[in-house]
2 protein chains.
Amino acid sequence: MPRAGLSTQAVVQAAVEVIDEHGVAALTLAAVAARCGVAAPSLYKHVAGLTELKTLVGVRVLNELADRFADAAMGRSGADAITALMHAYRAYVTAHPARYAAMPVDPLHQPELAAAGIRQLEVIQAALRPWRLDPAGQIQTIRKLRVIAHGFASLESAGGFGLPEDLDETYQQLITTFLDSLPAHP
Amino acid sequence: MPRAGLSTQAVVQAAVEVIDEHGVAALTLAAVAARCGVAAPSLYKHVAGLTELKTLVGVRVLNELADRFADAAMGRSGADAITALMHAYRAYVTAHPARYAAMPVDPLHQPELAAAGIRQLEVIQAALRPWRLDPAGQIQTIRKLRVIAHGFASLESAGGFGLPEDLDETYQQLITTFLDSLPAHP
DNA sequence: CGTGCATGGCTAATGGCAGTAGCTTTTTGG
DNA sequence: CCAAAAAGCTACTGCCATTAGCCATGCACG
């Protein structure tokens, strides 16, 4: 019996593939084990259980999105940067709709996820810097941005819009509305 | 062995209670049966299986929300009606956070849910009537309203906002921003 | 009043899944 | 070369959904 040469990250990778192919509800240790060519109990050598695996997938997804954010914001500022962030958000979700459903919405409440959540936050904060918002205003603004990006993304990825028609236009209008709601900046 | 006197609606009611108390992930035929004081297989006399039960719960939740919408919109019009709808949406979700997670986001794609989904839609359409939007504009507008209401509600009900502080203010700003994005109306 | 039959409940059994225990083989480090 | 950690495995338990088939209930009608 040769060794499969697994690792925690390899198991997480297999889990993400299962989610991409069959949806987040199909994430099961049995399915991951099958994909890894291993018996289910063997996974416990790399992962504490299904709960931990889900957390690790959450971390992975949060970080992937943070990477996209960082890419999108790079070399831009002001409204341009915000627009790029919003489009990066949507692009990630449309590229991996099922994966998005595995992203925890409350990362700051779980220590294992907090770091990845904060990475996203920092990119957004940086993009908002030109507006010189006071701390309370910054919180409000980030919340509103999240509401719009997450609201649109979760509806789109779940097929919540009746017709796919003109969705680009809808999203663009939302971004514009959000930007218009910000105070003028230098 | 006396009869429990169940019915499909009684089973759905028990399912909703299980969700309210233990979250949507705890919705299991075993839990519903226990709450009904019945063995699990007996539920199949009233419900085709777990999948159908979930659908029926979805219908129930969609209709409850549509009722709240109708109440809120009654006797109001224009921006006042929209504001009332948005607050009714949030009030329902904060009153029953777990139940909201059981509400399907794509009701129009499943025949069993479509009627309940359309009820909601019609109330929103009526509230938007004063703006005399063309059909395309109406679709865009309803989408944006949904994005904001659902985005906020799903984040709030899932604990997605770091601090509960000033959430009323955040939501009010979103409503105002949305209303400002509409063309002036008579 | 009885009786028959649809209804609503039950127990038993199957198959899928997570998770645990304990064994065997591989790999690695000294 | 050998010992021990690491990475597999099989066997087992317990929970859940679902199916099959049995039995009591209670209503509808003679």
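Lettering follows sequence order; numbering is per chain, from 1.
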Note to self: Below the 4.0 Å mark, does dC10(C) have OP1 or OP2 next to a side-chain nitrogen or oxygen of Ser42(B)?
What the structure shows: yes
Checklist line | Between P of dT27(C) and CG of Leu6(A), the distance in whole Å | finding: 14 Å
Next item on the list: Scan Ala4(A) against the nucleic acid and name what it touches under 4.0 Å (heavy atoms): base, sugar-phosphate only, or nothing.
Entry: sugar-phosphate
Notebook entry, point to check: Does the pair Arg143(A)/Asp166(B) count as a salt bridge with the N-to-O cut at 4.0 Å?
Noted result: no
Notebook entry, point to check: Just how far, in rounded Å, is C1' of dA18(C) from CD of Glu52(A)?
Noted result: 14 Å
Check: Among dT18(D), dG8(D), dA18(C), which nucleotide sits nearest the side chain of Ala40(B)?
Finding: dT18(D)
Notebook entry, point to check: Does any N or O in the side chain of Trp131(B) come within less than 3.5 Å of the main-chain N or O of Pro183(B), such that one atom is a donor and the other an acceptor?
Noted result: yes
Next item on the list: For Leu29(B) and dG15(C), give me the distance from atom CG to atom P, rounded to whole Å.
Entry: 20 Å
Check: When the distance from CG of Leu50(B) to P of dT19(D) is rounded to whole Å, what number comes out?
Finding: 12 Å
Check: Less than 4.0 Å between a side-chain N and a carboxylate O, is that true for Asp71(B) and Arg76(B)?
Finding: no
Margin query: Base, sugar-phosphate or nothing for Thr28(A)? Non-hydrogen atoms, less than 4.0 Å.
Written below: sugar-phosphate
Check: Quick one: on DNA chain D, does Tyr44(B) or Lys45(A) contact a more 5' nucleotide (nearest heavy atom)?
Finding: Lys45(A)
Next item on the list: Go through dT25(C), dC9(D), dT19(D) for me and flag the one nearest to the Pro41(B) side chain.
Entry: dT19(D)
Check: Among dT26(C), dC9(D), dG8(D), which nucleotide sits nearest the side chain of His46(A)?
Finding: dG8(D)
Next item on the list: For the residue pair Thr55(B) and Glu112(B), confirm or rule out a side-chain donor-acceptor distance under 3.5 Å.
Entry: no
Note to self: If I take atom CG in residue Leu43(A) and atom P in nucleotide dA6(D), what distance separates them, rounded to the nearest angstrom?
What the structure shows: 18 Å
Next item on the list: From the options dT27(C), dT10(D), dG19(C), select the nucleotide whose nearest atom is closest to the side chain of Ala39(A).
Entry: dT10(D)
